[in-house]
Amino acid sequence: MTTVDPSLRDSSAPPSWAQALLTWLVPLSSEESIPGDLLEEYREAVHPARGQWRADLWYFRQVVGFLCRLTWMFVVLHAAAVIVRTILDTFAPPGFGPHSYQLRSAASTYAAVGTFLLAGCYAGYRMGRARAGVLAAVTASAVGFALALGFELILFRAVIRDDPARLNIFYVTGGWGEAIGLPVIVTFIAALLGALGGLCGKYVSRLPGRRFATRPWV
Amino acid sequence: MSDIPGTFEQAVMVAIVRLGAEGYGRRILSDVQERLERNVAAGAVYSTLDRLEAKGLLTSKLAPGTALRGGRARRYYGLTVAGVRALDASRTASENIWRGLAWPRRRRA
(Lines give C-alpha, C1' and ligand atoms only; values in the text may rest on other atoms or scores of the structure.)
Protein backbone atom coordinates (compact mmCIF):
# COMPACT_ATOMS: atom_id res chain seq x y z
CA MET A 1 0.00 0.00 0.00
CA THR A 2 1.13 3.56 -0.70
CA THR A 3 2.78 5.37 2.21
CA VAL A 4 1.82 9.02 2.38
CA ASP A 5 3.87 11.65 4.16
CA PRO A 6 1.62 12.85 7.04
CA SER A 7 2.73 16.46 6.47
CA LEU A 8 1.21 16.31 2.99
CA ARG A 9 -2.25 15.37 4.25
CA ASP A 10 -5.02 17.92 3.91
CA SER A 11 -7.70 18.35 6.55
CA SER A 12 -10.55 17.35 4.22
CA ALA A 13 -10.38 13.71 3.22
CA PRO A 14 -12.75 10.89 2.28
CA PRO A 15 -13.30 8.13 4.87
CA SER A 16 -10.09 6.15 5.35
CA TRP A 17 -11.92 2.82 4.85
CA ALA A 18 -13.13 3.99 1.43
CA GLN A 19 -9.60 5.04 0.48
CA ALA A 20 -8.27 1.65 1.64
CA LEU A 21 -10.99 -0.17 -0.33
CA LEU A 22 -10.06 1.78 -3.46
CA THR A 23 -6.43 0.64 -3.20
CA TRP A 24 -7.70 -2.98 -3.44
CA LEU A 25 -9.57 -2.17 -6.65
CA VAL A 26 -6.97 -0.42 -8.80
CA PRO A 27 -4.16 -2.08 -10.77
CA LEU A 28 -0.73 -2.22 -9.14
CA SER A 29 0.62 0.09 -11.84
CA SER A 30 -1.90 2.79 -10.84
CA GLU A 31 -1.92 2.29 -7.07
CA GLU A 32 -0.72 5.87 -6.55
CA SER A 33 -2.09 7.76 -9.53
CA ILE A 34 -5.79 6.79 -9.39
CA PRO A 35 -6.33 7.31 -5.62
CA GLY A 36 -4.29 10.55 -6.01
CA ASP A 37 -6.51 11.80 -8.85
CA LEU A 38 -9.68 11.07 -6.90
CA LEU A 39 -8.29 12.72 -3.75
CA GLU A 40 -7.32 15.79 -5.79
CA GLU A 41 -10.81 16.01 -7.30
CA TYR A 42 -12.36 15.50 -3.87
CA ARG A 43 -10.36 18.27 -2.24
CA GLU A 44 -10.27 20.79 -5.07
CA ALA A 45 -13.73 20.46 -6.62
CA VAL A 46 -16.19 18.16 -4.84
CA HIS A 47 -15.68 19.00 -1.15
CA PRO A 48 -15.77 22.81 -1.54
CA ALA A 49 -18.91 22.59 -3.72
CA ARG A 50 -20.91 19.90 -1.91
CA GLY A 51 -19.67 19.76 1.69
CA GLN A 52 -18.35 16.82 3.69
CA TRP A 53 -21.29 14.41 3.62
CA ARG A 54 -22.10 14.70 -0.08
CA ALA A 55 -18.42 14.70 -1.02
CA ASP A 56 -17.98 11.45 0.93
CA LEU A 57 -20.96 10.03 -0.92
CA TRP A 58 -19.38 11.07 -4.25
CA TYR A 59 -16.14 9.32 -3.30
CA PHE A 60 -18.01 6.20 -2.20
CA ARG A 61 -19.86 6.12 -5.54
CA GLN A 62 -16.54 6.24 -7.40
CA VAL A 63 -15.25 3.28 -5.34
CA VAL A 64 -18.47 1.34 -6.01
CA GLY A 65 -18.02 2.11 -9.72
CA PHE A 66 -14.60 0.44 -9.68
CA LEU A 67 -16.05 -2.54 -7.76
CA CYS A 68 -18.98 -2.94 -10.20
CA ARG A 69 -16.67 -2.79 -13.21
CA LEU A 70 -14.54 -5.59 -11.76
CA THR A 71 -17.28 -7.90 -10.48
CA TRP A 72 -20.53 -7.42 -12.43
CA MET A 73 -20.15 -10.49 -14.64
CA PHE A 74 -19.55 -12.79 -11.66
CA VAL A 75 -22.51 -11.25 -9.81
CA VAL A 76 -24.71 -11.98 -12.85
CA LEU A 77 -23.29 -15.51 -13.18
CA HIS A 78 -23.90 -16.38 -9.53
CA ALA A 79 -27.36 -14.78 -9.40
CA ALA A 80 -28.34 -16.62 -12.61
CA ALA A 81 -27.23 -19.97 -11.16
CA VAL A 82 -29.23 -19.43 -7.95
CA ILE A 83 -32.29 -18.23 -9.87
CA VAL A 84 -32.21 -21.23 -12.23
CA ARG A 85 -31.98 -23.53 -9.21
CA THR A 86 -34.95 -21.74 -7.58
CA ILE A 87 -37.03 -22.01 -10.76
CA LEU A 88 -36.26 -25.73 -11.10
CA ASP A 89 -37.08 -26.40 -7.42
CA THR A 90 -40.38 -24.53 -7.80
CA PHE A 91 -41.65 -25.82 -11.12
CA ALA A 92 -39.93 -29.22 -11.28
CA PRO A 93 -39.49 -30.08 -7.59
CA PRO A 94 -37.13 -32.79 -6.27
CA GLY A 95 -38.34 -36.23 -7.22
CA PHE A 96 -39.12 -35.05 -10.74
CA GLY A 97 -36.41 -37.41 -12.01
CA PRO A 98 -34.20 -40.03 -10.37
CA HIS A 99 -31.63 -38.40 -8.07
CA SER A 100 -32.64 -34.99 -9.42
CA TYR A 101 -32.17 -33.30 -6.04
CA GLN A 102 -28.62 -34.61 -5.59
CA LEU A 103 -27.77 -33.71 -9.17
CA ARG A 104 -29.08 -30.16 -8.78
CA SER A 105 -27.36 -29.77 -5.46
CA ALA A 106 -24.03 -30.88 -6.90
CA ALA A 107 -24.45 -28.74 -10.03
CA SER A 108 -25.28 -25.56 -8.10
CA THR A 109 -22.43 -26.17 -5.62
CA TYR A 110 -19.88 -26.66 -8.39
CA ALA A 111 -21.24 -23.63 -10.25
CA ALA A 112 -20.82 -21.46 -7.14
CA VAL A 113 -17.30 -22.78 -6.41
CA GLY A 114 -16.31 -22.21 -10.05
CA THR A 115 -17.74 -18.68 -10.08
CA PHE A 116 -15.94 -17.63 -6.89
CA LEU A 117 -12.62 -19.13 -8.00
CA LEU A 118 -12.96 -17.46 -11.40
CA ALA A 119 -13.89 -14.11 -9.83
CA GLY A 120 -10.85 -14.32 -7.55
CA CYS A 121 -8.54 -15.34 -10.37
CA TYR A 122 -9.76 -12.61 -12.74
CA ALA A 123 -9.55 -9.85 -10.12
CA GLY A 124 -6.16 -11.09 -8.90
CA TYR A 125 -4.83 -11.03 -12.47
CA ARG A 126 -6.35 -7.65 -13.40
CA MET A 127 -5.22 -5.87 -10.23
CA GLY A 128 -2.09 -7.87 -9.51
CA ARG A 129 -3.10 -8.53 -5.90
CA ALA A 130 -4.87 -11.38 -4.09
CA ARG A 131 -6.99 -9.03 -1.95
CA ALA A 132 -8.87 -7.93 -5.06
CA GLY A 133 -9.79 -11.59 -5.57
CA VAL A 134 -11.28 -11.83 -2.07
CA LEU A 135 -13.30 -8.67 -2.65
CA ALA A 136 -14.54 -9.85 -6.07
CA ALA A 137 -15.67 -13.27 -4.80
CA VAL A 138 -17.37 -11.84 -1.69
CA THR A 139 -19.17 -9.24 -3.83
CA ALA A 140 -20.24 -11.90 -6.36
CA SER A 141 -21.66 -14.02 -3.54
CA ALA A 142 -23.36 -11.27 -1.50
CA VAL A 143 -24.82 -9.24 -4.36
CA GLY A 144 -25.66 -12.35 -6.42
CA PHE A 145 -27.60 -13.83 -3.47
CA ALA A 146 -29.33 -10.48 -2.83
CA LEU A 147 -30.54 -10.35 -6.45
CA ALA A 148 -31.66 -13.97 -6.29
CA LEU A 149 -33.47 -13.33 -3.00
CA GLY A 150 -35.33 -10.45 -4.66
CA PHE A 151 -36.39 -12.83 -7.43
CA GLU A 152 -37.39 -15.46 -4.87
CA LEU A 153 -39.61 -12.95 -3.05
CA ILE A 154 -41.43 -12.15 -6.32
CA LEU A 155 -41.77 -15.85 -7.14
CA PHE A 156 -43.08 -16.58 -3.63
CA ARG A 157 -45.80 -13.94 -3.88
CA ALA A 158 -46.76 -14.81 -7.45
CA VAL A 159 -46.61 -18.63 -7.50
CA ILE A 160 -45.73 -20.35 -4.22
CA ARG A 161 -47.79 -18.58 -1.53
CA ASP A 162 -51.21 -19.64 -2.81
CA ASP A 163 -50.29 -23.18 -3.89
CA PRO A 164 -50.31 -25.58 -0.88
CA ALA A 165 -48.22 -28.24 -2.66
CA ARG A 166 -45.49 -25.77 -3.69
CA LEU A 167 -45.64 -24.04 -0.31
CA ASN A 168 -45.03 -27.39 1.40
CA ILE A 169 -42.03 -28.13 -0.84
CA PHE A 170 -40.69 -24.60 -0.21
CA TYR A 171 -40.68 -25.13 3.58
CA VAL A 172 -39.50 -28.78 3.40
CA THR A 173 -36.48 -27.70 1.32
CA GLY A 174 -35.40 -25.05 3.84
CA GLY A 175 -37.81 -22.15 3.39
CA TRP A 176 -36.77 -18.62 4.30
CA GLY A 177 -34.24 -19.91 6.82
CA GLU A 178 -32.15 -21.36 4.01
CA ALA A 179 -32.83 -18.47 1.62
CA ILE A 180 -31.38 -15.99 4.13
CA GLY A 181 -29.00 -18.17 6.19
CA LEU A 182 -27.21 -19.97 3.35
CA PRO A 183 -25.81 -16.78 1.74
CA VAL A 184 -24.08 -15.84 5.01
CA ILE A 185 -22.26 -19.19 5.19
CA VAL A 186 -21.51 -19.29 1.45
CA THR A 187 -20.09 -15.74 1.50
CA PHE A 188 -17.45 -16.83 4.05
CA ILE A 189 -16.53 -19.76 1.80
CA ALA A 190 -16.48 -17.35 -1.17
CA ALA A 191 -13.86 -15.25 0.66
CA LEU A 192 -11.59 -18.31 0.98
CA LEU A 193 -12.11 -19.34 -2.65
CA GLY A 194 -11.58 -15.73 -3.77
CA ALA A 195 -8.29 -15.63 -1.86
CA LEU A 196 -7.18 -18.85 -3.55
CA GLY A 197 -8.20 -17.60 -7.00
CA GLY A 198 -6.68 -14.20 -6.25
CA LEU A 199 -3.32 -15.76 -5.40
CA CYS A 200 -3.39 -17.73 -8.68
CA GLY A 201 -4.33 -14.60 -10.66
CA LYS A 202 -1.64 -12.55 -8.92
CA TYR A 203 0.97 -15.20 -9.66
CA VAL A 204 0.00 -15.43 -13.36
CA SER A 205 0.01 -11.62 -13.73
CA ARG A 206 3.69 -11.57 -12.72
CA LEU A 207 4.92 -14.29 -15.03
CA PRO A 208 7.31 -13.13 -17.78
CA GLY A 209 5.46 -11.33 -20.59
CA ARG A 210 2.32 -10.83 -18.49
CA ARG A 211 0.62 -7.76 -17.09
CA PHE A 212 2.84 -7.05 -14.06
CA ALA A 213 5.91 -8.99 -15.15
CA THR A 214 8.26 -6.27 -13.90
CA ARG A 215 6.81 -6.30 -10.37
CA PRO A 216 8.68 -8.43 -7.85
CA TRP A 217 6.79 -11.35 -6.31
CA VAL A 218 5.83 -10.13 -2.83
CA MET B 1 -9.85 -2.20 -40.14
CA SER B 2 -10.45 -3.98 -36.83
CA ASP B 3 -8.22 -1.77 -34.68
CA ILE B 4 -10.20 1.46 -35.04
CA PRO B 5 -10.87 2.80 -31.53
CA GLY B 6 -14.49 3.02 -30.37
CA THR B 7 -16.24 6.32 -29.64
CA PHE B 8 -15.30 6.37 -25.96
CA GLU B 9 -11.71 5.40 -26.72
CA GLN B 10 -11.56 8.20 -29.30
CA ALA B 11 -12.88 10.68 -26.72
CA VAL B 12 -10.13 9.64 -24.30
CA MET B 13 -7.40 9.80 -26.98
CA VAL B 14 -8.54 13.18 -28.28
CA ALA B 15 -8.60 14.51 -24.69
CA ILE B 16 -4.97 13.41 -24.30
CA VAL B 17 -4.01 15.23 -27.52
CA ARG B 18 -5.92 18.35 -26.48
CA LEU B 19 -4.42 18.45 -22.96
CA GLY B 20 -0.85 17.91 -24.16
CA ALA B 21 1.57 18.07 -21.24
CA GLU B 22 -1.33 18.36 -18.76
CA GLY B 23 -2.87 15.03 -19.75
CA TYR B 24 -3.25 13.10 -16.49
CA GLY B 25 -6.21 11.06 -15.23
CA ARG B 26 -8.31 13.74 -13.56
CA ARG B 27 -7.95 16.26 -16.40
CA ILE B 28 -8.71 13.58 -18.99
CA LEU B 29 -11.86 12.59 -17.09
CA SER B 30 -13.06 16.24 -16.96
CA ASP B 31 -12.37 16.75 -20.66
CA VAL B 32 -14.20 13.55 -21.66
CA GLN B 33 -17.21 14.54 -19.51
CA GLU B 34 -17.27 18.00 -21.08
CA ARG B 35 -17.02 16.73 -24.66
CA LEU B 36 -19.51 13.88 -24.28
CA GLU B 37 -21.84 16.16 -22.27
CA ARG B 38 -22.58 13.50 -19.68
CA ASN B 39 -21.37 12.26 -16.34
CA VAL B 40 -18.72 9.59 -16.82
CA ALA B 41 -17.58 7.22 -14.05
CA ALA B 42 -13.90 7.60 -13.20
CA GLY B 43 -13.52 3.81 -13.47
CA ALA B 44 -14.63 3.89 -17.11
CA VAL B 45 -11.90 6.35 -18.07
CA TYR B 46 -9.16 4.59 -16.09
CA SER B 47 -10.02 1.15 -17.52
CA THR B 48 -9.99 2.66 -21.04
CA LEU B 49 -6.58 4.26 -20.40
CA ASP B 50 -5.33 0.91 -19.11
CA ARG B 51 -6.69 -0.95 -22.16
CA LEU B 52 -5.29 1.56 -24.67
CA GLU B 53 -1.90 1.41 -22.99
CA ALA B 54 -1.98 -2.40 -23.12
CA LYS B 55 -2.78 -2.16 -26.87
CA GLY B 56 0.28 0.05 -27.34
CA LEU B 57 -1.73 3.11 -28.38
CA LEU B 58 -0.75 5.14 -25.30
CA THR B 59 2.35 5.62 -23.24
CA SER B 60 2.53 6.94 -19.69
CA LYS B 61 5.00 8.23 -17.15
CA LEU B 62 4.80 9.02 -13.45
CA ALA B 63 5.52 12.47 -12.03
CA PRO B 64 5.79 13.57 -8.39
CA GLY B 65 2.53 14.29 -6.56
CA THR B 66 1.45 17.46 -4.81
CA ALA B 67 0.26 18.09 -1.25
CA LEU B 68 -3.32 18.26 -2.53
CA ARG B 69 -3.01 14.64 -3.66
CA GLY B 70 -1.49 13.49 -0.37
CA GLY B 71 1.87 13.23 -2.13
CA ARG B 72 0.65 10.56 -4.53
CA ALA B 73 2.23 10.47 -7.99
CA ARG B 74 0.49 11.66 -11.15
CA ARG B 75 0.46 9.50 -14.27
CA TYR B 76 0.71 11.54 -17.49
CA TYR B 77 -0.41 10.01 -20.77
CA GLY B 78 0.66 10.55 -24.36
CA LEU B 79 -0.13 8.98 -27.73
CA THR B 80 2.30 6.55 -29.32
CA VAL B 81 2.89 6.48 -33.09
CA ALA B 82 0.42 3.57 -33.29
CA GLY B 83 -2.05 5.68 -31.28
CA VAL B 84 -1.78 8.61 -33.72
CA ARG B 85 -2.32 6.22 -36.64
CA ALA B 86 -5.36 4.64 -34.96
CA LEU B 87 -6.86 8.09 -34.29
CA ASP B 88 -6.21 9.08 -37.93
CA ALA B 89 -7.93 5.89 -39.10
CA SER B 90 -10.95 6.50 -36.90
CA ARG B 91 -11.36 10.05 -38.20
CA THR B 92 -11.01 8.90 -41.81
CA ALA B 93 -13.55 6.13 -41.23
CA SER B 94 -16.01 8.59 -39.68
CA GLU B 95 -15.60 11.08 -42.57
CA ASN B 96 -16.05 8.26 -45.13
CA ILE B 97 -19.27 7.16 -43.46
CA TRP B 98 -20.81 10.65 -43.63
CA ARG B 99 -19.41 11.77 -47.01
CA GLY B 100 -22.03 12.70 -49.60
CA LEU B 101 -24.92 12.59 -47.16
CA ALA B 102 -26.95 15.75 -46.52
CA TRP B 103 -27.59 15.80 -42.78
CA PRO B 104 -29.78 16.71 -40.99
CA ARG B 105 -32.40 15.74 -43.55
CA ARG B 106 -34.91 18.39 -44.52
CA ARG B 107 -38.51 17.62 -43.71
CA ARG B 108 -40.95 17.59 -46.58
CA ALA B 109 -43.61 20.28 -46.40
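So you know, we letter chains A, B, ... as the sequences are listed, proteins then strands, and number each from 1.
- B:Arg75 and A:Ser30 make their closest contact through NE-OG, 4.2 Å (heavy atoms, listed as atom of the first residue, atom of the second, distance).
- By the neighbour-count criterion of 12 heavy atoms within 6.0 Å, atom CH2 of A:Trp176 is densely surrounded, having more than that number from other residues, nucleotides or ligands.
- One distance of note links OG of A:Ser33 with OH of B:Tyr76; it measures 11.5 Å at 0.5 Å rounding.
- Heavy atoms from other residues, nucleotides or ligands lying under 6.0 Å from CZ of B:Arg51 number more than 12.
- Between chain A and the residues B:Ala54, B:Gly43, B:Ala41, the largest count of heavy-atom pairs under 4.5 Å involves B:Gly43.
- With a 4.5 angstrom heavy-atom cutoff, A:Pro27 touches chain B only via side-chain atoms.
- Contact between B:Ala42 and A:Leu38 at its shortest, heavy atoms only, is CB-CD2, 4.0 Å.
- Nearest heavy atom pair, residue B:Arg26 against residue A:Asp37, reads N-OD2, 3.4 Å.
- The residue among B:Gly65, B:Ala44, B:Gly25 with the most heavy atom pairs within less than 4.5 Å of chain A is B:Ala44.
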Discussion item. Could you go through A:Glu40 and B:Arg72, starting from their C-alpha distance and side-chain angles, then the distance that decides it, and tell me whether this counts as salt bridge (Lys or Arg N to Asp or Glu O under 4.0 Å)?
Written reply: CA-CA 10 Å; A:Glu40 190 179 317; B:Arg72 294 181 176 95; over 6 Å; no
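- Heavy-atom neighbours of chain B within the stretch residues 50-65 of chain A, taken at a separation under 4.5 angstrom, comprise A:Gln62.
- The minimum heavy-atom distance linking B:Leu68 with A:Glu44 is given by the pair CD2-OE2, 3.3 Å.
- Between B:Arg74 and A:Glu32 there is no salt bridge, since no side-chain N of the basic residue sits under 4.0 Å from a carboxylate O of the acidic one.
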